[in-house]
There are 2 protein chains.
Amino acid sequence: MIIQLDMQSDVPIYTQLMNQIVEGIAGGSLKPGEALPSVRSLASDIGVNLHTVNKAYTLLKQEGYIQIHRQKGVVVQPDGLPGLTPEFLAKQQEQLRPVIAESILRGMNLSDLLEQVKKLYEQISPSSGKESMP
Amino acid sequence: MIIQLDMQSDVPIYTQLMNQIVEGIAGGSLKPGEALPSVRSLASDIGVNLHTVNKAYTLLKQEGYIQIHRQKGVVVQPDGLPGLTPEFLAKQQEQLRPVIAESILRGMNLSDLLEQVKKLYEQISPSSGKESMP
DNA sequence: TAACTGTTATATTTGTAGTATAACAGCTAT
DNA sequence: ATAGCTGTTATACTACAAATATAACAGTTA
């Protein structure tokens, strides 16, 4: 799991962390049951405070994406990832709406927008083939 | 122009303002050349400080969506709205990526995601018919 | 002149982000 | 058993963004 942080970004470090872990799970490079680095080791690896990592982990746990065992450590959710709940769909719409509105304003048509979404989906999705097959 | 603010939201008021104005322009309810309320009147209407409105206006001007004339007031960009610049497309991808990743993680397939985007696009787009025809 | 525009300046309050230490409780391997 | 590792909690601090509150300035318009 390679983490790339942008310290100059206006998006908080713990959010960048969450995004990259979510992307790792979605893309299949992090599989259910797989262990994640401890708060201290990850914090030291990427050069941030342990509380920053802990905040990301705690929020990911609240969303049901990982499990935290007090002494064992952190693992990607092994008991089935949460599905398409109404709460998630509502949040998804609130996030998509302003992006889509601005795209319309700048003259992007529907099929070009759908093409962009498809491109990103396939970039992230594991079926695009990131596995190493020796 | 009806503005709906959520004071409990974690998204800043000036961002909510920007989003709604962008949506208004994208949806055609705010047409190029049309005047927007002054910083003071809008601030007083929605019950916030004039600087909060001013910040939203200033950022919208920086993006090229509105014009601000020192004494005349604020107008929706009449000289052609900015198009699909590389900077915008980069920003668009950075915004879409985490949303799409989380959708994949929760098991949403591509066609369902595209359907959601299409639905929102048509909700916002003026061709969905918000005009009053007496 | 009065009333309106955006603009600028200053100050204050509040909350979040991030860091820095430190300690606690429980597990595990030496 | 001791040492070392887990997550967890607490406290304190700095830095910054968001939002408010006033106040004043410069230019336009009725």
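From a predicted model like this one, the values you see are computed outputs, not experimental measurements. In what follows, chains carry the letters A, B, and so on, assigned in the order in which the sequence lines appear, proteins first and then strands, with residues in each chain numbered from 1.
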What's the shortest heavy-atom distance between Leu96(B) and Val117(A), and which atoms?
->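 Smallest heavy-atom distance, with atoms named: CD1-CG2, 4.4 Å.
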Heavy-atom count around Lys91(A) NZ within 6.0 Å, excluding the residue itself: above 12?
->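 Atom NZ in Lys91(A) is crowded, with more than 12 foreign heavy atoms closer than 6.0 Å.
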For Gln67(A) and Pro78(A), indicate whether the former's side chain and the latter's backbone hold a donor-acceptor pair under 3.5 Å.
->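 The answer is no, because no donor-acceptor pair under 3.5 Å joins these two groups.
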Between Gln20(B) and Ile3(B), is there a donor-acceptor pair closer than 3.5 Å when you use the side chain of the first and the backbone of the second?
->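 Checked: no pair found.
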In whole angstroms, how far is the [atom2] atom of [N] from the [atom1] atom of [X]?
| X | N | atom1 | atom2 | answer |
| --- | --- | --- | --- | --- |
| His69(B) | dT29(D) | NE2 | C1' | 16 Å |
| Arg70(B) | dG6(C) | CZ | P | 11 Å |
| Lys72(B) | dA30(D) | NZ | P | 12 Å |
| Asn54(A) | dT19(C) | CG | C1' | 14 Å |
| Ile46(A) | dG18(C) | CD1 | C1' | 12 Å |
| Leu59(B) | dT7(C) | CG | P | 12 Å |
| Leu42(B) | dG6(C) | CG | P | 10 Å |
| Asp10(B) | dG15(C) | CG | P | 15 Å |

Test for a donor-acceptor pair under 3.5 Å between the base of dT9(D) and the side chain of His51(A), counting only N and O atoms.
->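 Yes.
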Distance-only donor-acceptor test, Arg40(A) side-chain atoms vs dT8(D) base atoms, 3.5 Å =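 Side chain to base: pair found, below 3.5 Å.
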For a quick test of reading the model: is some side-chain N or O of [X] closer than 4.0 Å to OP1 or OP2 of [N]?
| X | N | answer |
| --- | --- | --- |
| Tyr14(B) | dA18(D) | yes |
| Thr52(A) | dT19(C) | yes |
| Lys55(A) | dG18(C) | no |

Looking at OG of Ser103(A) and CG of Leu120(B), how far apart are the two atoms once the value is rounded to the nearest 0.5 Å?
->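 Ser103(A) atom OG to Leu120(B) atom CG measures 11.5 Å (nearest 0.5 Å).
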Between Asn49(A) and Pro37(B), name the one whose nearest nucleotide on DNA chain C is closer to the 5' end.
->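 The residue whose closest nucleotide sits nearer the 5' end is Pro37(B).
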Considering only side-chain heavy atoms of Ile68(A), which listed nucleotide, dG6(C), dA21(D), dT8(D), is closest?
->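 Selected nucleotide: dT8(D).
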Consider the side chain of Val39(B), meaning its heavy atoms from C-beta on, and name the nucleotide among dG6(C), dT21(C), dG7(D) that approaches it most closely.
->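 Looking only at heavy atoms from C-beta outward on Val39(B), the closest nucleotide is dG6(C).
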